[in-house]
A.B. asks: 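Can you read through this structure? Questions will come right after.
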Amino acid sequence: MSKSITFDLPISGMTCASCAGRVERALSKVSGAENVSVNFATEQVRLQAPPDSLPALLQAVDAAGYAVPGGHVELAIGGMTCASCVGRIERALAKLPAVKSVSVNLASERAHIETLGNVDATALIAAVEKAGYSASPVQDTQATADEQQQRLSRERWSLLLAIGLSVPLVLPMLLEPLGLLGRHWMLPAWVQFALATPVQFILGARFYVAAWKAVRARAGNMDLLVALGTSAGYGLSIYGWANAAPGSMPHLYFEASAVVIALVLLGKYLESRAKRQTSSAIRALEALRPERAVQLIDGQERDVAISALRINDVVVVRPGERFPVDGEVVEGQSHADEALISGESLPVPKQQGDRVTSGAINGEGRLLVRTQALGAETVLAQIIRLVEDAQAAKAPIQKLVDKVSQIFVPAVLVLALLTLAGWLLAGASLESALINAVAVLVIACPCALGLATPTAIMAGTGVAAKFGILIKDAEALERAHNVTSVVFDKTGTLTSGTPRIAHFSAVQATENEALQWAGALQLGSEHPLGKAVLAACKERNLELPEVLNSRSLAGRGIAGTVLGRDLVLGNRRLLEESGLQAGALAESAQTWEAEGRTLSWLIERGEQPAVLGLFAFGDTLKPGAQQAVAQLAARGIGSHLLTGDNWGSARVVGQALGIANVHAEVLPADKAATVVELKKHGVVAMVGDGINDAPALAAADVGIAMGGGTDVAMHAAGITLMRGDPRLIPAALDISRKTYAKIRQNLFWAFVYNLIGIPLAAFGLLNPVLAGAAMALSSVSVVSNALLLKTWKPKDIE
């Protein structure tokens, strides 16, 4: 059994002393756990157990009916150069008792750490520094664009200096085959030494520092390979120069070590530029956050910092300004450009009662907005968190890369030694054997391997966010590319969720007259069906007459006098109470009821009661719903309709959209079971927007929440669409496929470079200069390939 360590676990849910005893007994049963002590007052438990027993401890607490609350810490990591660095930091942090899980992203240079309770970042930073790297809390190191540009500028000047010193060394070798300099022309040894030394020990100092930290941590990384390889070439040159016969020109390798360092610096500079581009989505979103607002106090406008605002404060938003808060319009009319937040390309009308989102741009009108959310609670802040989490997460395929990277550098060191020994045994000179071993060290730098997956995820999730598709985690991104079936909720997903008049027919009056009378009865109504009638009147530009003696008929409808007529509008009970038959409208009523429509009868009472009209209300399809289903079908993805509504309305929607697989009258509790059953036949994505959809969203392989839905649905889903356009569903699957394809392409090329390059170097077919160029090219190529995702656009969406 491994040596035990001390665990301090916070416990939530304990209400009495007996709870403490129950927790203590549950933890004592875990294999290897001892000295369990539960403090009911502080809600803490301390015990000794093996380091790898944390999952069992958490499971025991959960089984006892309690919970171990968690927190999370984001650290900015400095000094990482390859995939092996990622694994070393993760292992160092995972050893800490308070750490539940850790994910380090090479591309974003961030560590996302899930902890037991709220943990002081000091211990986490100390563990990272002990592993040979630097770390600091993200909130303290939010580099501005100017600071990032300054860092890039410093790297650029180092690169230019390295190239400037290396070119004179390598130029004679390049020009000699052209016969321009005569044969065997070389710079004097002292000149080569003077040019190569600053490159080796000043510009290349970063590799020695990082390599030494890796050695102290008993590990290997890219910097160790570069330092060993270039030092061997530099040292061999010094040895040859020192032992050369007087007046002779020794064979020196100063140019190899200098050029390799210059090429590595070139690769790192291009990587930095490219990685900055992959995070451009985050920077674009952060740039939307206004720092100040105009607050309205007692009729006076006052410029204040956003931090000074409180909920229910009223702010003034002038034309062209960004909304500083999430809130509700209390005065004014305008349009809002929400393109960078929701992906909606057209300005959205805003008037009293409408919600506005922080970061959106106000159009032509002055608006007064009552604050409803500030800071971290705004939609914009939540979007940024979702994108950051997705970019920091690891796709399951990355686990393979992490395993490979753990043994990669040690394996390369062994291969380099075998190359050296093999050439010496074959009778080659020490010089030739050493140069071939150096080439193996240089070409095997695993930068490309570490960058292959995270750069593709960052680019893919970033461009998706630009169009209103928020991918919450990398696992959802990876699963989505294999989806074979999409299950749609009906109301709010494929339909608008707002009743409208689907059909209506009039007798003894024209259609416009019947609609005017019905509209007059509904004046001022807040009932959804009443609003549908008024909307239809507005569409036809009908002027509504005055209604007298308006009154509600409980459970039946509404009554009133319009233009001298005693009218009622309501359900079939009103028809029966009036002693009337459907008459000429009977067939229409039967057909519309079979479609699941809600019927309202317009009846005139009096001496000669009569039916004047029949209205059938129903949900309307969202624009783009048919197009979305057709796009899925074109890609071989089946569609299912899953709804709690009646079979009539479900069949109508299914037929209109071409969905043959309809599941109607399904209880909320049974939706998840239906999804689980469908998962037996393929990979299932569930699309919904309501609280009742949350279990099904969680049960699906990929949950997709529609914008405007409930927070519960969004939390249960792996992908959130910021606006309710169904066409974003095939778009989300499309960007998932393209991102996963980039990941596979990048990993293919990262492995191919090494599978081809290492044998070539070992057999003496690549000198260190060419090996360095190939290594730099491998890193740049995988990052550049990932950046091609930034050109992606959803099909057929403006």
A.B. asks: Could you note down all residue pairs passing side chain to side chain donor-acceptor pair (under 3.5 Å) where residues 61-70 supplies at least one of them, sequence neighbours left out?
C.D. replies: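 Passing the test, one end in residues 61-70: Arg22-Tyr66.
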A.B. asks: If I take atom OG from residue Ser485 and atom CG from residue Asn661, how far apart are they, to the nearest 0.5 angstrom?
C.D. replies: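 Between Ser485 OG and Asn661 CG, I get 8.0 Å after rounding to 0.5 Å.
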A.B. asks: Whether the side chain of Arg310 engages the backbone of Thr371 through a donor-acceptor N/O pair (distance < 3.5 Å, no angle test) should be reported.
C.D. replies: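 Judged by distance alone, no pair lies under 3.5 Å.
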A.B. asks: Do Ile311 and Leu374 come close enough that some side-chain heavy atom pair is under 4.5 Å?
C.D. replies: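 Yes, side chains in contact.
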A.B. asks: Side chain of Asp701, backbone of Val684: donor and acceptor closer than 3.5 Å?
C.D. replies: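 Flag set: sc Asp701 to bb Val684 pair under 3.5 Å.
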A.B. asks: A side-chain contact here means heavy atoms from C-beta on lying under 4.5 Å apart; do Pro290 and Ser358 qualify?
C.D. replies: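 The answer is yes; the side chains approach within 4.5 Å.
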A.B. asks: Checking Asn362 side chain against Arg322 main chain: does a donor-acceptor pair fall under 3.5 Å?
C.D. replies: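 Pair absent, no side-chain N/O of Asn362 close to backbone of Arg322.
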A.B. asks: Could you give me the CA-CA distance, side-chain angles and deciding distance for Thr484 and Ile637, then say whether side-chain contact (heavy atoms from CB on, under 4.5 Å) is met?
C.D. replies: CA-CA 5 Å; Thr484 56; Ile637 299 174; 5.9 Å; no
A.B. asks: Any donor-acceptor pair under 3.5 Å linking the side chain of Lys790 with the backbone of Val463?
C.D. replies: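 Side chain of Lys790 to backbone of Val463, a donor-acceptor pair under 3.5 Å: no, none is there.
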A.B. asks: Do any N or O atoms from the side chain of Thr461 and from the backbone of Ile457 form a donor-acceptor pair under 3.5 angstrom?
C.D. replies: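 At least one qualifying donor-acceptor pair exists.
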A.B. asks: Are the side chains of Asn312 and Arg370 in touch, meaning some heavy atoms are under 4.5 Å apart?
C.D. replies: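 Yes, side chains in contact.
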A.B. asks: Using a 4.5 Å cut-off on heavy atoms from C-beta on, say whether the side chain of His481 contacts that of Leu733.
C.D. replies: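 No - every pair of side-chain heavy atoms lies 4.5 Å or more apart.
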A.B. asks: Who passes salt bridge (charged side-chain N to carboxylate O under 4.0 Å, His left out) against Lys350, sequence neighbours left out?
C.D. replies: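 Partners of Lys350 under the salt bridge (charged side-chain N to carboxylate O under 4.0 Å, His left out) test: Glu338.
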A.B. asks: Report yes if the side chains of Ile704 and Thr720 come closer than 4.5 Å at any heavy-atom pair, otherwise no.
C.D. replies: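 Sidechains of Thr720 and Ile704: no contact.
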A.B. asks: Provide the closest heavy-atom pair for Arg727 versus Gln627 in the form atom of the first, atom of the second, distance.
C.D. replies: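 That would be CD-OE1, 3.2 Å.
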A.B. asks: Kindly compute the distance separating CD1 (Ile719) from CE (Met706), expressed to the nearest 0.5 Å.
C.D. replies: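 Separation between the atoms: 12.5 Å.
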A.B. asks: Can you name the nearest heavy-atom pair linking Ala731 to Pro794, along with the distance?
C.D. replies: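 Closest pair (atom of Ala731, atom of Pro794, distance): CB-CB, 3.8 Å.
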A.B. asks: Val533 versus Ile501: any side-chain heavy-atom pair under 4.5 Å?
C.D. replies: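 They are in contact (side-chain heavy atoms under 4.5 Å apart), so the answer is yes.
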A.B. asks: If you measure from OG1 on Thr495 to CG on Leu621, what distance do you get to the nearest 0.5 Å?
C.D. replies: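 If I round to the nearest 0.5 Å, the distance is 7.5 Å.
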A.B. asks: Answer yes or no: are there more than 12 heavy-atom neighbours, outside Lys738 itself, under 6.0 Å from its atom NZ?
C.D. replies: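 No - once you tally the heavy atoms of other residues, nucleotides and ligands closer than 6.0 Å, there are 12 at most.
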A.B. asks: Hey, mind stepping through Val702 and Met686 against side-chain contact (heavy atoms from CB on, under 4.5 Å) and telling me if it holds?
C.D. replies: CA-CA 6 Å; Val702 181; Met686 171 69 195; over 6 Å; no
A.B. asks: Do you know which two heavy atoms are closest between Ile729 and Leu721, and how far apart they sit?
C.D. replies: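 Scanning both residues, the minimum pair turns out to be CG1-CD1, 3.7 Å.
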A.B. asks: Is it the case that Gln372 and Asp326 place a side-chain donor and acceptor less than 3.5 Å from each other?
C.D. replies: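 The criterion, which ignores hydrogens and geometry beyond distance, is not satisfied for Asp326 and Gln372.
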A.B. asks: To the nearest 0.5 Å, how far apart are NZ in Lys490 and CG in Leu641?
C.D. replies: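 Atom-to-atom, Lys490:NZ and Leu641:CG are 7.5 Å apart.
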A.B. asks: I'd like to check the ring-ring contact (aromatic ring centres under 6.0 Å, His included) partners of His663; sequence neighbours left out, ordered by chain and number.
C.D. replies: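 If we apply the ring-ring contact (aromatic ring centres under 6.0 Å, His included) test to His663, skipping adjacent residues, the hits are His640.
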A.B. asks: Under the rule for salt bridge (charged side-chain N to carboxylate O under 4.0 Å, His left out), what residues qualify as partners of Arg479, not counting sequence neighbours?
C.D. replies: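 Arg479: salt bridge (charged side-chain N to carboxylate O under 4.0 Å, His left out) contacts with Glu475.
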A.B. asks: If the plane angle is over 60° it's perpendicular, under 30° parallel, otherwise tilted; pick one for Phe467 and Trp792.
C.D. replies: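 The arrangement is perpendicular - the two ring planes meet at more than 60°.
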A.B. asks: Quick one: list whatever passes salt bridge (charged side-chain N to carboxylate O under 4.0 Å, His left out) with Glu677, sequence neighbours left out.
C.D. replies: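 Scan of Glu677 (salt bridge (charged side-chain N to carboxylate O under 4.0 Å, His left out), adjacent residues dropped) gives Lys680.
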A.B. asks: Look up atom CG in Leu529 and atom CG in Leu599, then write down how far apart they are to the nearest 0.5 Å.
C.D. replies: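 Reported value, rounded in 0.5 Å steps: 10.5 Å.
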A.B. asks: Could you report the tightest heavy-atom contact between Val102 and Glu90, atom names first, then the distance?
C.D. replies: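 Reported closest heavy-atom pair: CG1-O, 3.5 Å.
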A.B. asks: Would you check, one step at a time, whether the test side-chain contact (heavy atoms from CB on, under 4.5 Å) holds for Asn482 with Tyr740?
C.D. replies: CA-CA 10 Å; Asn482 275 330; Tyr740 193 71; 5.9 Å; no
A.B. asks: When rounded to the nearest 0.5 angstrom, what is the spacing between CG in Leu27 and CD in Gln59?
C.D. replies: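 Interatomic distance, Leu27 CG to Gln59 CD, rounded to 0.5 Å: 12.0 Å.
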A.B. asks: Could you pull out all residues at least two apart from Lys793 that satisfy salt bridge (charged side-chain N to carboxylate O under 4.0 Å, His left out)?
C.D. replies: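 Applying salt bridge (charged side-chain N to carboxylate O under 4.0 Å, His left out) to Lys793 gives none.
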A.B. asks: A side-chain contact here means heavy atoms from C-beta on lying under 4.5 Å apart; do Leu75 and Arg110 qualify?
C.D. replies: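 They are not in contact (no side-chain heavy atoms under 4.5 Å apart), so the answer is no.
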A.B. asks: Verify, without hydrogens or angle tests, whether Ser736 (side chain) and Leu477 (backbone) share a donor-acceptor contact under 3.5 angstrom.
C.D. replies: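 Yes, the answer is positive, given that a donor and an acceptor are paired below the 3.5 Å cut-off.
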A.B. asks: State, with a plain yes or no, whether a side-chain heavy atom of Asp489 is found less than 4.5 Å away from one of Val687.
C.D. replies: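 Of all side-chain heavy-atom pairs linking Val687 with Asp489, none is under 4.5 Å.
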A.B. asks: Between Thr115 and Lys100, is the side-chain contact (heavy atoms from CB on, under 4.5 Å) condition met? List the steps.
C.D. replies: CA-CA 5 Å; Thr115 64; Lys100 291 171 64 177; over 6 Å; no
A.B. asks: Looking only at heavy atoms, what is the nearest atom pair of Gln351 and Val329, with distance?
C.D. replies: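 Minimum heavy-atom separation between Gln351 and Val329: O-CB, 3.3 Å.
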A.B. asks: Looking only at heavy atoms, what is the nearest atom pair of Ala532 and Pro499, with distance?
C.D. replies: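 For Ala532 and Pro499, the tightest heavy-atom pair comes out as CB-O, 3.3 Å.
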